[in-house]
Asker: 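Structure in structure tokens, see below.
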Amino acid sequence: MAKIVNLPLDDETVSDLKAGDRVLLNGIMYTGRDAAHKRIAELINKNQQLPMDIKNQTIYYVGPCPAKPGQAIGSAGPTTSGRMDAYAPLLMDHGLKGMIGKGLRSKQVVDSIIKNNAVYFAAIGGAGALLAEAIKEAEVIAFPDLGAEAIYKLRVENFPVTVVIDNEGNDLYKIGKEKYKK
């Protein structure tokens with residue numbers, strides 16, 4: 001059975017999530033890929049205002065397809081998370097609590113997850129059309145010149161994810177390999 005989690009995240013909620021938990025997310029989250037992360041990092045490094053307050057927020061690594069008439073968004077499958085590893089620790093140090101993507105994370109990101117009481121979720125790769133059904137509203141809020149890589153504010157209902165790395169550094173990808181070896 002999946003846990004219901006309301007966004008934005010807080011320390012107590014993050015602490016209750018464990019690697020392997022299936023979760024349904026509800027509330028507001030933001031999108032961001034490599035180009036947007038680079039710009040956010042530049043703003044932070046210049047002490048400039050961000051396009052959104054990232055404290056306790058979750059960023060979904062996605063570059064959604066354009067919406068068809070009557071839809072909030074087009075297909076919205078996860079991007080490989082490792083492409084954001086150079087920026088993720090900085091964002092977590094500034095309050096980011098959740099990240100959604102697919103694939104492995106670097107040791108530096110795992111260490112930052114532990115340090116900042118954050119969490120890394122995985123969304124199902126190849127299921128972008130299904131994931132888009134859980135996105136009820138989508139609005140570009142920053143960097144529209146980046147096209148699909150602009151930052152969107154999303155309102156989601158029952159957005160399905162799995163906890164891959166919890167706030168203690170437990171990594172479902174490693175746990176799964178160990179179970180398979182036995």
Side-chain angles (χ1 to χ4, degrees), residues 4-10 13-14 23-103 105 109 112 116 118-162 164:
I4 306 294
V5 170
N6 294 316
L7 300 172
L9 295 168
D10 57 40
T13 300
V14 170
V23 176
L24 296 173
L25 298 173
N26 293 288
I28 301 297
M29 67 173 142
Y30 296 90
T31 68
R33 287 180 38 168
D34 340 17
H37 274 71
K38 181 179 180 190
R39 288 190 185 176
I40 290 171
E42 289 169 351
L43 291 172
I44 289 171
N45 291 330
K46 293 177 182 175
N47 260 346
Q48 294 180 344
Q49 185 172 351
L50 301 182
M52 76 286 203
D53 182 1
I54 61 172
K55 184 171 174 39
N56 296 329
Q57 296 300 333
T58 298
I59 292 182
Y60 181 26
Y61 303 149
V62 61
C65 294
K68 292 180 182 174
Q71 293 180 326
I73 203 163
S75 184
T79 298
T80 302
S81 301
R83 293 166 43 193
M84 274 52 75
D85 281 4
Y87 309 106
L90 176 66
L91 272 62
M92 283 185 275
D93 286 347
H94 283 80
L96 184 69
K97 284 287 180 194
M99 299 157 286
I100 305 168
K102 65 180 181 180
R105 304 308 301 264
V109 170
S112 189
N116 291 291
V119 62
Y120 170 52
F121 301 102
I124 301 168
L130 177 65
L131 292 169
E133 290 178 13
I135 300 170
K136 304 304 179 185
E137 295 174 15
E139 172 191 6
V140 174
I141 63 157
F143 315 136
D145 59 300
L146 296 178
E149 289 200 42
I151 295 179
Y152 287 74
K153 178 180 180 181
L154 306 178
R155 185 178 64 79
V156 298
E157 291 178 9
N158 297 323
F159 189 90
V161 293
T162 301
V164 175

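All values below were derived from every heavy atom in this structure, side-chain atoms included, with hydrogens, water molecules and symmetry-related copies excluded.
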Asker: Please, which pairs that meet ring pair (Phe, Tyr, Trp, His ring centres under 6.0 Å) have at least one residue in residues 43-84, sequence neighbours excluded?
Answerer: H37-Y61, Y60-F159
Asker: Quick one: does N26's side chain get under 4.5 Å of N6's, heavy atoms only?
Answerer: yes
Asker: Report the residues that fulfil side chain to side chain contact (heavy atoms under 4.5 Å, CB included) with N56, sequence neighbours left out, ordered by chain and then residue number.
Answerer: P8, K97
Asker: For residues G77 and V62, report the shortest heavy-atom separation together with the two atoms involved.
Answerer: O-CG2, 3.2 Å
Asker: Do I28 and T58 come close enough that some side-chain heavy atom pair is under 4.5 Å?
Answerer: no
Asker: Tell me the closest heavy-atom pair linking L146 and A150, and the distance in Å.
Answerer: CB-N, 3.7 Å
Asker: Kindly state each residue pair satisfying side-chain hydrogen bond (donor to acceptor under 3.5 Å, both in side chains) with at least one member in residues 73-82, sequence neighbours excluded.
Answerer: S81-Y120
Asker: Return the minimal non-hydrogen interatomic distance between V156 and M29, and the atom names on each side.
Answerer: CG1-CE, 3.2 Å
Asker: Are there more than 12 heavy atoms of other residues, nucleotides or ligands under 6.0 Å from atom CD of Q48?
Answerer: yes
Asker: Under the side chain to side chain contact (heavy atoms under 4.5 Å, CB included) test, which residues partner A72, sequence neighbours left out?
Answerer: none
Asker: Determine all donor-acceptor pairs shorter than 3.5 Å in which one atom belongs to a side chain in residues 123-134; sequence neighbours excluded.
Answerer:
none

Asker: Please step through side chain to side chain contact (heavy atoms under 4.5 Å, CB included) for the pair I40 and M52, ending with a clear verdict.
Answerer: CA-CA 10 Å; I40 290 171; M52 76 286 203; 4.2 Å; yes
Asker: Among residues at least two apart in sequence or on other chains, which ones pass ring pair (Phe, Tyr, Trp, His ring centres under 6.0 Å) with F121?
Answerer: none
Asker: Considering only residues two or more places apart or on different chains, which pairs with a residue in residues 71-96 satisfy salt bridge (Lys or Arg N to Asp or Glu O under 4.0 Å)?
Answerer: D34-R83, D85-R105, D93-K115
Asker: Yes or no on side chain to side chain contact (heavy atoms under 4.5 Å, CB included) for I100 and L25, after CA distance, side-chain angles and deciding distance?
Answerer: CA-CA 11 Å; I100 305 168; L25 298 173; 3.6 Å; yes
Asker: Take atom NZ of K102 as the centre, draw a 6.0 Å sphere, and report whether it contains more than 12 heavy atoms from other residues, nucleotides or ligands.
Answerer: yes
Asker: Between I54 and L91, what is the shortest heavy-atom contact and its length?
Answerer: CD1-O, 3.5 Å
Asker: Would you name the heavy atoms of A36 and G32 that are closest together and state the gap between them?
Answerer: CB-CA, 4.2 Å
Asker: Indicate yes or no: at least one non-hydrogen side-chain atom of L24 is less than 4.5 angstrom from one of P160.
Answerer: yes
Asker: If you define the side chain from C-beta out and look only at heavy atoms, does anything of P51 sit under 4.5 Å from L43?
Answerer: yes
Asker: Of all the heavy-atom pairs spanning A67 and Q71, show the shortest one and how long it is.
Answerer: CB-O, 3.5 Å
Asker: Can you tell me how far the CZ atom of R33 sits from the CD atom of E149, to the nearest 0.5 Å?
Answerer: 4.0 Å
Asker: With Y152, which residues qualify under ring pair (Phe, Tyr, Trp, His ring centres under 6.0 Å), at least two apart?
Answerer: none
Asker: Could you give all pairs that pass the salt bridge (Lys or Arg N to Asp or Glu O under 4.0 Å) test and reach residues 38-60, with sequence neighbours left out?
Answerer: R39-D145
Asker: Measure the CG-CD distance between L154 and E139 for me, rounded to the nearest 0.5 Å.
Answerer: 10.0 Å
Asker: So how far is it from I4 CD1 to T13 OG1, rounded to the nearest 0.5 Å?
Answerer: 12.5 Å
Asker: Could you list all the salt bridge (Lys or Arg N to Asp or Glu O under 4.0 Å) pairs where at least one residue sits in residues 64-80, not counting sequence neighbours?
Answerer: none
Asker: Evaluate the side-chain proximity of N45 to L90: yes if any heavy-atom separation is below 4.5 Å, no if none is.
Answerer: yes
Asker: Listed by chain and number, what are the salt bridge (Lys or Arg N to Asp or Glu O under 4.0 Å) partners of E137, not counting sequence neighbours?
Answerer: R155
